[in-house]
Amino acid sequence: RLYDPAEDPNSPERLQLASDLHQAVEAGDLVAHFQPKVRLSDGRIEGMEVLMRWSHRERGVIPPDEFIPIAEDCGLIVPVTTIALEAAMRECRAWRDEGVNIRFAVNVSARSLVDGRIIDEIRELLQRWEIPGSQLQLELTESMLVDDPEAANEVLQPLREMGVSFALDDFGTGWSSLGQLNDLPFDELKIDRSFVQEMRPGSAEDAIVRSTIQLGRELGLRIVAE
Ligand code: G
Ligand code: MN
């Protein structure tokens with residue numbers, strides 16, 4: 001097989017970003033933004049999702065869809081997850097001190113999960129910040145759970161015993177079998193925004209969203225529209 005630059009995902013630009021990302025992690029250039037999850041019935045804020053942004057010194061703000069895949073490829077996803085978890089804990093602590101006990105959700109990539117250290121890390125963080133596990137939620141994507149549901153469960157189970165809960169993120173874009181929804185300990189299902197954005201009355205997306213809501217309800221899950 002001959003080398004074809006068109007098939008090489010490592011453009012010089014991407015390699016430069018990977019190298020910059022190492023420094024950004026050290027320098028604290030990754031910043032957490034918080035996106036509220038609003039209950040539609042009364043507008044109440046039920047929780048916050050931590051979304052990382054990279055404030056690049058020359059290129060400005062880089063969105064997560066651009067740098068998270070790089071972080072996953074070059075072994076930086078574990079420290080990135082740590083930054084997100086710490087931001088969640090710090091913010092959660094500040095709100096608790098004001099008497100507001102809402103849940104904070106952190107996106108966790110497959111690599112962070114299978115890494116295994118995340119169990120002790122979360123236990124230690126919850127203790128240090130004196131936050132009950134029930135105020136931490138992890139958002140996981142379908143694809144990672146399909147790859148190896150048993151390995152995933154080995155990590156999810158001890159976390160669940162700490163009170164941590166799990167959301168199935170980007171639902172509808174992966175290849176998960178519906179049976180898995182039952183086997184894994186989710187209590188929230190997040191309908192991917194590609195469906196939500198296009199759900200005009202009568203569209204296929206509208207039908208998909210409706211039936212997903214119904215499915216989720218019957219499984220006793222909370223449904224979130226991304
Ligand atoms: O904020 P925005 O909607 O652009 O975020 C897009 C996606 O980026 C999120 O749904 C999530 O999948 C991913 N993302 C954002 N922050 C993190 C993070 O800290 N860790 C991981 N693994 N993914 C993140
Ligand atoms: Mn998410």
Side-chain angles (χ1 to χ4, degrees), residues 9 13-14 17 30-56 59-73 77 80-81 83-85 87-88 91 102-113 136-147 152 165-182 184 186-226:
E13 195 187 332
R14 187 177 156 103
L17 274 187
L30 297 186
V31 288
H33 285 219
F34 296 87
Q35 184 174 56
K37 293 185 185 175
V38 177
R39 190 159 70 196
L40 279 181
S41 55
D42 59 2
R44 203 182 144 91
I45 291 176
E46 294 233 306
M48 295 279 186
E49 178 179 7
V50 180
L51 293 168
M52 298 307 293
R53 300 283 181 269
W54 176 5
S55 170
H56 191 284
R59 299 190 31 184
V61 176
I62 300 180
D65 2 330
E66 209 173 317
F67 75 83
I68 295 288
I70 297 176
E72 285 173 342
D73 285 351
I77 193 63
V80 169
T81 303
I83 294 171
L85 284 167
E91 199 72 10
I102 53 173
R103 207 148 53 154
F104 281 75
V106 173
N107 293 286
V108 174
S109 301
R111 295 223 177 156
S112 285
L113 201 66
L136 179 65
Q137 187 183 42
L138 303 182
E139 297 196 0
L140 314 167
T141 58
E142 289 174 71
S143 46
M144 67 180 291
L145 302 163
V146 179
D147 288 347
S165 59
F166 308 101
L168 186 50
D169 210 355
D170 303 336
F171 185 77
T173 58
W175 298 269
S176 119
S177 78
L178 294 174
Q180 266 184 345
L181 272 179
N182 261 340
L184 291 161
F186 291 103
D187 68 356
E188 184 173 299
L189 190 158
K190 301 189 70 185
I191 304 176
D192 191 69
R193 90 178 131 191
S194 60
F195 302 110
V196 178
Q197 267 170 352
E198 303 296 329
M199 51 177 269
R200 281 175 288 278
S203 64
E205 287 81 4
D206 183 57
I208 291 168
V209 169
R210 279 172 198 283
S211 38
T212 307
I213 290 171
Q214 168 127 23
L215 169 76
R217 286 215 177 121
E218 293 196 12
L219 291 173
L221 303 168
R222 199 175 34 246
I223 317 291
V224 176
E226 274 184 22

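Values below: all heavy atoms of this structure, side chains included; hydrogens, waters and symmetry mates excluded.
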Could you check if a side-chain atom of [X] sits within less than 4.5 angstrom of a side-chain atom of [Y], using non-hydrogen atoms only?
| X | Y | value |
| --- | --- | --- |
| Val50 | Asn107 | no |
| Pro63 | Arg53 | no |
| Trp54 | Arg59 | no |
| Val224 | Glu46 | no |

- Heavy-atom pair with the smallest gap, counting every atom of Val106 and Ala88: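 So the two residues come closest at CG2-CB, 3.7 Å.
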- Item | Heavy-atom closest pair, residues Gly216 and Ile223 |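 For Gly216 versus Ile223, the nearest heavy atoms are CA-CD1, 3.6 Å.
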Interatomic distance, [X] atom [atom1] to [Y] atom [atom2] [nearest 0.5 angstrom]:
| X | Y | atom1 | atom2 | result |
| --- | --- | --- | --- | --- |
| Ile68 | Ile62 | CD1 | CD1 | 11.5 Å |
| Arg210 | Gln214 | CZ | CD | 10.5 Å |
| Asp169 | Leu140 | CG | CG | 8.0 Å |
| Leu138 | Leu113 | CG | CG | 7.5 Å |
| Glu66 | Arg14 | CD | CZ | 9.5 Å |
| Asp170 | Phe195 | CG | CZ | 10.0 Å |

- Got a sec, which residues hit side-chain contact (heavy atoms from CB on, under 4.5 Å) with Thr212, two or more places apart in sequence or on another chain?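 Only Phe171, Leu189, Ile191, Ile208 meet the side-chain contact (heavy atoms from CB on, under 4.5 Å) criterion with Thr212.
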- Would you check if the side chain of Glu205 reaches a backbone N or O of Gln197 as a donor-acceptor pair within less than 3.5 Å?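 Flag not set: sc Glu205 to bb Gln197 has no pair under 3.5 Å.
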- Message: Tell me if a side-chain donor or acceptor on Ser203 pairs with a main-chain N or O of Glu198 at a distance below 3.5 Å.
- Response: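 Pair found, side chain donor or acceptor close to backbone of Glu198.
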Tell me which donor-acceptor pairs under 3.5 Å the side chains of residues 30-38 have, and how far apart each pair is, sequence neighbours excluded?
residue, atom, partner, partner atom, Å
Lys37, NZ, Gln137, OE1, 2.8
Lys37, NZ, Glu139, OE2, 3.0
Lys37, NZ, Glu188, OE2, 2.8

- Salt bridge or not for Glu72 and Arg111, using N-O below 4.0 Å?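 No, no charged N to carboxylate O under 4.0 Å.
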- Message: Checking Asp65 now: which residues fulfil salt bridge (charged side-chain N to carboxylate O under 4.0 Å, His left out) with it, not counting sequence neighbours?
- Response: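 Checked Asp65 against salt bridge (charged side-chain N to carboxylate O under 4.0 Å, His left out); zero matches.
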